[in-house]
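Keep in mind that the numbers below use all heavy atoms, side chains included, and drop hydrogens, waters and symmetry copies. Just so you know, residue 1 is the first one in the sequence shown, and it goes up from there.
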Amino acid sequence: MKWSNLENDICPVARSLSVIGDRWTLLIIRDCFLGISRFQQFQSSLDITRHVLTDRLNRLVEQGILIKEEYARGRYDYRLSETGRTLEPVLRELFNWGKRHRPLRRKTA
């Protein structure tokens, strides 16, 4: 099933996942909370291809999660909208869950 098929699902979790349900999207949102706002910053932080990053940023803008603001000719900042900022507790809980249930396991030499 494609993500877009979930946007009209009866379940609110499914509808939410249709917008933020892939790793790149959530990591872009995380980076916004960490103060990243420019394309090159996202690309460096995430080691993501330009194509995928462009697609995810455009989708987040279309969905009202991010606001795209031109800061120089043809260059944009991406900032969380009010709707985007309401995702903070979701990310905080994912962070806490990951620390508790998916601890970093360092390789031993």
Side-chain angles (χ1 to χ4, degrees):
M1 177 181 285
K2 292 185 178 186
W3 289 110
S4 60
N5 294 344
L6 296 175
E7 58 193 25
N8 294 316
D9 196 282
I10 192 167
C11 175
V13 173
R15 291 192 309 272
S16 299
L17 287 174
S18 77
V19 178
I20 62 167
D22 74 85
R23 68 177 175 164
W24 294 122
T25 301
L26 282 173
L27 292 174
I28 289 167
I29 294 168
R30 176 209 61 192
D31 279 0
C32 286
F33 279 109
L34 295 174
I36 292 175
S37 65
R38 296 189 176 170
F39 191 94
Q40 293 294 35
Q41 293 172 319
F42 289 117
Q43 195 172 24
S44 295
S45 171
L46 300 172
D47 194 27
I48 185 175
T49 66
R50 294 180 68 80
H51 171 76
V52 172
L53 180 56
T54 298
D55 178 68
R56 296 315 186 279
L57 288 170
N58 288 337
R59 181 152 172 77
L60 286 166
V61 170
E62 288 170 11
Q63 294 294 318
I65 306 292
L66 296 181
I67 298 167
K68 182 177 178 180
E69 301 171 330
E70 191 170 32
Y71 68 88
R73 189 171 181 210
R75 302 213 180 255
Y76 300 91
D77 277 327
Y78 295 88
R79 305 227 182 257
L80 290 163
S81 66
E82 183 59 38
T83 300
R85 286 191 295 274
T86 65
L87 288 166
E88 183 178 10
V90 174
L91 287 177
R92 188 171 309 284
E93 285 305 313
L94 277 172
F95 175 85
N96 291 336
W97 185 89
K99 280 187 73 170
R100 182 172 181 190
H101 298 289
R102 305 297 302 168
L104 182 62
R105 290 179 171 76
R106 300 199 191 280
K107 294 181 182 180
T108 57

With rounding to the nearest 0.5 Å, note down the distance linking [atom1] in [X] to [atom2] in [Y].
X	Y	atom1	atom2	value
R30	I36	CZ	CD1	7.5 Å
D31	L46	CG	CG	4.5 Å
L60	W24	CG	CH2	14.0 Å

*Between L66 and C32, does a side-chain contact (heavy atoms from CB on, under 4.5 Å) hold up when you go through it step by step?*
CA-CA 9 Å; L66 296 181; C32 286; 3.6 Å; yes
_If you apply the rule side-chain contact (heavy atoms from CB on, under 4.5 Å), what do you find for E88 with L80, and how did you get there?_
CA-CA 10 Å; E88 183 178 10; L80 290 163; over 6 Å; no
Compare every heavy atom of [Y] with every heavy atom of [X], then report the nearest pair and how far apart it is.
X	Y	answer
H101	P103	C-CD, 3.4 Å
A14	L6	O-CB, 3.4 Å
R38	D77	NE-OD1, 2.8 Å

*Would you mind reporting whether R56 and F42 have side-chain heavy atoms less than 4.5 Å apart?*
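No, their side chains stay 4.5 Å or more apart.
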Any side-chain to backbone donor/acceptor pair from [X] onto [Y]? Under 3.5 Å, distance only.
X	Y	result
S37	Y78	no
Q43	D47	no
D55	H51	no
T25	G21	no
S44	Q41	no

Counting only heavy atoms from other residues, nucleotides and ligands, does the tally under 6.0 Å from [atom1] of [X] exceed 12?
X	atom1	answer
R15	CZ	yes
F95	CZ	no
R85	CZ	yes
I10	CD1	no

*asked:* Applying side-chain contact (heavy atoms from CB on, under 4.5 Å) to R23 and I48, what does each step give before you reach the verdict?
replied: CA-CA 11 Å; R23 68 177 175 164; I48 185 175; over 6 Å; no
*When you look at F39 and L53, which way does the side-chain contact (heavy atoms from CB on, under 4.5 Å) test go after all the steps?*
CA-CA 8 Å; F39 191 94; L53 180 56; 3.6 Å; yes
*Is there a chain of hydrophobic side chains (I, L, V, M, F, W, Y, each step under 4.5 Å between heavy atoms) that links Y76 to I67?*
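Unlinked, Y76 and I67 end up in two clusters.
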